[in-house]
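Let me begin by presenting the structure, written as structure tokens, before commenting on it.
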Amino acid sequence: MHKADSPRSLPTPFRFFLLLLTGLLLTGCSEGPWNNPYRASESGRSIVYSSFSERPKHLDPARAYSSNEYGFIAQIYEPPLQYHFLKRPYQLVPLAATGLPRVTYLDESGRPLPDDAPVEQIAFSDYEIRLRPGMRYQPHPALARDGEGRYRYHRLDRAVIDRLNTLQDLPATGTREVVADDFVYQIKRIAFPPLNSPIAGVMQEYIVGFGDFAERTGAAYQALKRKQGGKPWLDLRDYELSGVKVLDRYRLRIRLKGKYPQFRYWLAMPFFAPMPWEAERFYHQPGMERRNISLDWYPIGSGPFMLGENNPNLRMVLEANPNYHGEAYPEDGDPGDAEAGLLRDAGKRMPFIEKAVYSLEKESIPYWNKFLQGYYDTSGISSDSFDQAVQFSDQGDLALTDAMQAKGISLQTAVTASVYYMGFNMLDPVVGGESERARLLRRAISIAMDFEEYIAIFNNGRGVAAQGPIPPGIFGNEEGREGINPYVYDLVDGRPRRKPLEEARRLLAEAGYPGGRDRTTGKPLILYYDTTSAGPDGKARLNWIRKQFAKLGIQLVIRASDYNRFQEKMRKGTGQIFMWGWNADYPDPENFLFLLYGPNGKVEHGGENAANYSNPEFDRLFVAMKNMEDGPRRLEIIRRMVRILRRDAPWVWGFFPKSFALYHAWYRNVKPNLMANNTLKYRRVDPRLRDDLRRQWNPPIVWPILLGLLLLVVSAIPAVRVYLRREGSSAR
Amino acid sequence: MSGELVVLWTDALIFLLLVVAVGFGVYAAGRPHLRGPWGAVVRSRVGMGTLVVLAFYVAVGLLDSIHFQPGDGNGGPAGAEVVSLFDTLVGGLRARQEKSYSAPLATRLYTKENIELPDGRTVRDYPRLRYGGAHLQDPESERLPDLLRLSAVGIVKGLVVSLVVANVLIMLLAGRNRSDYGSQARQLLRGRTGIPWRVALGMTTLMLVLVFWSAELAAKYHLLGTDKVGEDVFYQALKSIRTGLVIGTLTTLVMLPAAILLGIMAGYFRGWVDDLIQYTYTTLNSIPGVLLIAAAILMLQIYMSNHADEFNSLVERADLRLLFLCIILGVTSWTGLCRLLRGEALKLREVDYVQAATALGVGHMTIITRHILPNVLHIVLISVVLDFSGLVLAEAVLSYVNIGVDPTMNSWGNMINSARLEMAREPIVWWSLAAAMIFMFVLVLAANLLSDVVQDAFNPRLRNRR
Amino acid sequence: MMAYIVRRVLYAIPILIGVNVLTFLLFFVVNSPDDMARMHLGMKRVTPEAIQTWKQERGYDRPLLYNDAAEGVGRLTDTIFFQKSLKLFQFDFGSSDSGRDIGYDISQRMWPSLAIAIPVLLVGLLVNITYALLIAFFRATYIDFWSVVLLVAMMSISGLFYIIGGQYLVSKLLHLVPISGYDTGWAAAKFLVLPVVIGVVGGVGAGTRWYRTLFLEEIDKDYVRTARAKGLSEPRVLFRHVLRNALIPILTGVVVVLPLLFMGSLITESFFGIPGLGSYTIDAINSQDFAIVRAMVFLGSVLYILGLLLTDISYTLVDPRVRLS
């Protein structure tokens, strides 16, 4: 047999094991609890701890559109307007602007009209925005200049770029003032076709010259690309966007086609934040993108925070922007806000924290556990931890459980500006269409789908069953008789009560399916439900939905697929019944009713009307309502529209989810604001209290481990005995 | 029982497997060199004990593999719902659905709810279960005596039945060995029989007592509690047996034709055929299995959503996905068997009688079917046994990352997957996880022990295969 | 020796091509580039033009396998398949569908994977070999019997149970280590302890049993008996002879998995929130980022083949009787 030199390799594992042990001891010896996932050096500092579950795809304000992206960039970029932090209903207040935009209506020939001019006469509206002077960008290499005032990093060597790992590898930074040109530049970026801004389509309808600009720059870009290859930089300053004008250093004017009052909501979104041209020039140097250094990854803003560490595999860190112009905490709020301590910081200069650490946390369970251990400052409540956190009081109100209260945790609830609905594909021959038969079938299903129970089981009561498409808190949502869907609910003692199942069965029979069987053919009625949910929670939900249909004797076949396929089905209109949700872009009924506007039909026009509902009367009213200011006239039209919808039942109205947020005692200035995303600057933490509580909640318990080791030693005793016996026998 | 029989793909294959296994048994019984090793398996005490346990699992799995669409009771046409024979046997378990979580053997829900009192007030308390312990007037005081009474009844029933089984067995043995009842019984009880009947009887008694005890309790309570939507966990765990068995056995079965054909061809023909086949399986083997499975499952989902009309019921869809999972698991695991068969065929090719047959000009096909195939069959059977436990465990892991069986299907992996959420609850909901783990553990343990015995009996050399 | 290695490496090329073709077919049959574009552009307000640019940016605007429009060789080369595969073979993984450079991410994420995999492997080896030697020493006693029972029981428990149970007990109840997460440098130790321990415990059953078989086979051999007859003490026999000779199969068994350690562990990493290649893969599967999945499949195959190669070489190193044929 040949020798193997491996026994010599054995010490390595020993050595490693020792290293591991020392590592463990070292962490164990450091102050504070053992299970602290953060570095010891961070204790005692004003840091907010939060998480992100998915790497944000875009941090470029022209492209970002989902809430996880806004969680970051809304703290970094400052658009002209923002929502008031405390006041309800939601109210726009200036942010980068000095006041709300001055709107002038113009007629066909460009002459100003009075403010109360009828819609038909208004050909254009001008939005004039006056900016706050003295705002400066965060320190950034793209703005760094050398001694002679030239940009230091705009002509980097390829070799230098190829060595870059993060933006911090370029040490010098610079800044400059935010001017009106930067806002215009950003609007041009929205129009620039290669950037694929998600709102380019909407803006094209409204901003004058937008489409023309897109065409010209798109063509120029393609030409440049053919010439240079790669992703060249096209200087958008060289092209004019006729509807957007710089009036002076701090003033700009945006000209819209017709009247579009919702435009001011768009001005509160990061799409309209300023962007220095230098940034694009800098990031477009060849090779930057391969190093993952791009505007999508390293934002450059003028807001209260800037992205300090950007490691989407581990954590993202927002740090206070040293160049921030400093905004004051609001001085007034709703009644009750002062009592709730929300005005304690009134008038003080924001932000109140030095840093916010977002750790990657994919799953809700570890997140929840870490929240309970004090390592996250705030948390939503998943359906599974609900009982643990919240209970209903005797009066049926929600309150925190004693265990939560003992920890000093507080609760905030709010009905979100979103809706989950079960839609019928109106192009489907069975459930869709204008026929009375299909309508009755839809109404029968609407009664049978007991969304109150759904909310109770799957959302722990965190939601309100919908009576129509408009959620509470949005203009057009009503209480009382007008707020009740008379086809599904009866008004009993001033409260809606779902109609009995017999009513649904009667409607079903009237539709020609007595007991769930087609009267003419005798075949059972089989409907199809398209869904994307596949997880364990999905199973229970699907079972429940199937049960609802089974109550009427209808068999529901569930077709689960991935999100792509689901969307494709929606686009092609091959789905039949589906459940979907919508998050409002802005607090206006138009943003909900347009989901059922005929020309937004998904199949025909690629819009968001997934039910492909189309009713000429509704569409006509929608056009009339769309651009109206809130008021009794608008309410009347919305009422008529909702009545039509309730009668036709293209959706089972589903529910408006309620959001619940828990936060710890050391976390202050929290008020749920479903429209504003830039709320980090209002927060305040008490790090000393946090450290104390963490230590109190996480005492390391070592004895079970020692016991386990002891057991291991004890279990070796028989072995030793056998060994001794054997030694003894062999010695004999 | 009225209704139309529904034969799912996996049902058909399971019964095919059963037929093949029985056929092989009959075939092997007549051939001493094959009978020997299997005899050794049966003669080992561990082998016998595990076989009994497995038999109970298989019985549940087989009962659960006979599907039909029940009629509406009036001789009308059958509905779309597909249920199995097992479902009808334990019908109560399936129908008795609570509202949400309840602990094992509980009489009240696990979570507080608003209860409306007769006088109109609402209080927040744990409501009584609709079915679990519903026959009790005052659950707090009556539950424990009731549980004890039911347990006693169940155990006694189990003992009585096993007594009957034991007597039948002794009489049969006495008849075969031409001895009288008394001496046969003494022999058996002292463990002096060639086949360890005493172990078999002991194990059977244990299992029967368990079965009757659980049947007795499960009829009045939720033996292992209920899950989030109030389904009986005990029922789910039982239903999962079929899934586990199907994955464990069919995976090898569905890839068997390819593995046998290609393996033997490679070994027998050698040359370029061998090269090509080796290339094929090396390539397949190189792809990380999980990724291959993930991609394939994704593809299946798309196929299903494009051809939704071909699947009449959820059960059929889930079944097809299960079958597909078996196939794709087979694709990732058949290479070992193929390689083994290739080696065996290489050896057999050089054996005298094969050489002689070749010299006589006997056709290739004939040689393969006549001489080579019968001599490698035992390898195939051993590999079914060996791979079984690994596959059952793999199912759980795959379902856990959502690329396993259909989420609507009962499987231990899906149960564990949902249990992940339950572990975060306070107080913790542990029974789903525990039930899945225990059922799986017993099956895998039995399979592991059996495979040890089988390996020892057959070919110690094969033991090194994993 | 050199020629042998070169030949084996060359043999790997057709296999990699095969892997590539297979994964390509699988992924593109599943998902058309249009689907990917829609998936990645998000759900609100997606225009056909946006999809077109997205495809163009990532080179998905060509035909899949055969280009009618192109000339000559271009018909085969100017296709998604050819363009994407060629780059894979140069280990240029391109950018993921969401726009990040895959090579960069892999180079970042392989370290956490290794930080778990290597300790698990080494500590596991140490524990398993020690335990197996002990069992071999006490062979045919009740210690042996109950140890085997324990081992079989341990390997019959699903790995998920170790992970779920371990995390629940150690992190949640005992507050000993953070529940999940990761950090760079030495700060990572507190995050790694639990996954490593669980990895080792989960592997004890199968590993020790396998080593026990190896040792017992060795113990029955003639030279061991001779050594014992010479009067060597039992521990000496075990360490000198049995362990030494059994190390050959152990070592080759380890070598074959060495390269695959890079790939990380899917379940452990995603459960403990460790940003390694395993969780990278899982995330890619869940978000249907096929560029990443393909890169990982390719990488996995390369590493697998590398492992086979290393095994062959290590065989010849430890046992010259194996000819390099």
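Proteins come first, then strands; the chains are lettered A, B, ... in the order of their sequence lines, and each starts at number 1. Because the structure is predicted, anything quoted here is derived from the model rather than measured. All heavy atoms count here, side chains included; hydrogens, waters and symmetry mates do not.
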TODO: Determine whether V722(A) and I143(C) make a side-chain contact, defined as any pair of heavy atoms from C-beta on separated by less than 4.5 Å.
DONE: yes

- [ ] Look at R315(A) together with D183(C) and state whether they make a salt bridge at an N to O cut-off of under 4.0 Å.
- [x] yes

Open item on the list: Counting only non-hydrogen atoms closer than 4.5 Å, does P704(A) touch chain C with its backbone (N, CA, C, O), its side chain (CB onward), both, or neither?
Closed with: side chain

Task: Interface moiety of W703(A) toward chain C, non-hydrogen atoms closer than 4.5 Å - done: neither

- [ ] Work out which heavy atom in K370(A) is nearest to a heavy atom in G181(C); give both atom names and the distance.
- [x] NZ-N, 4.2 Å

TODO: State, with a plain yes or no, whether a side-chain heavy atom of N313(A) is found less than 4.5 Å away from one of D105(C).
DONE: yes

Open item on the list: Given heavy-atom pairs under 4.5 angstrom as the criterion, report whether the side chain, backbone, both or neither of F137(C) touches chain A.
Closed with: both

Open item on the list: Using heavy-atom distances under 4.5 Å, tell me whether N165(A) contacts chain C through its side chain, its backbone, both, or neither.
Closed with: both

Open item on the list: Looking at chain C, which one of P194(A), S294(A), P312(A), S715(A) has the largest number of heavy-atom pairs inside 4.5 Å, strictly under?
Closed with: P312(A)

TODO: Using non-hydrogen atoms and a 4.5 Å limit, figure out which bit of S233(C) sits close to chain A: side chain, backbone, both or neither.
DONE: neither

- [ ] Counting only heavy atoms closer than 4.5 Å, note whether S180(C) contacts chain A via side chain, backbone, both or neither.
- [x] both

Task: Pairwise side-chain contact, P178(C) with Y38(A), heavy-atom cut-off 4.5 Å (strictly under) - done: no

TODO: Mind listing the closest non-hydrogen atom pair of P37(A) and F191(C) along with its distance?
DONE: O-CZ, 3.2 Å

Task: Under 4.5 Å from any heavy atom of chain A - which part of L173(C) - done: backbone

Task: Segment of P699(A) engaging chain C (4.5 angstrom heavy-atom cut-off) - done: both

Task: Under 3.5 Å: donor-acceptor pair, side chain of N292(A), backbone of D101(C) - done: yes

Open item on the list: Is F138(C) close to chain A through its backbone or its side chain, or both, or neither, when contacts mean heavy atoms under 4.5 Å?
Closed with: both

Open item on the list: Could you tell me if the side chain of K190(C) sits less than 4.5 Å from the side chain of W34(A), heavy atoms only?
Closed with: no

TODO: Taking the side chain as every heavy atom from C-beta outward, state whether V702(A) and L174(C) have any atom pair closer than 4.5 Å.
DONE: no

Task: Atom pair CG (L194(C)) and CG (N35(A)), whose distance is rounded to the nearest 0.5 Å - done: 11.5 Å

- [ ] Select one option (side chain, backbone, both, neither) describing which atoms of Y182(C) are under 4.5 Å from chain A's heavy atoms.
- [x] both

- [ ] Kindly compute the distance separating CD (Q373(A)) from CD1 (I179(C)), expressed to the nearest 0.5 Å.
- [x] 4.0 Å

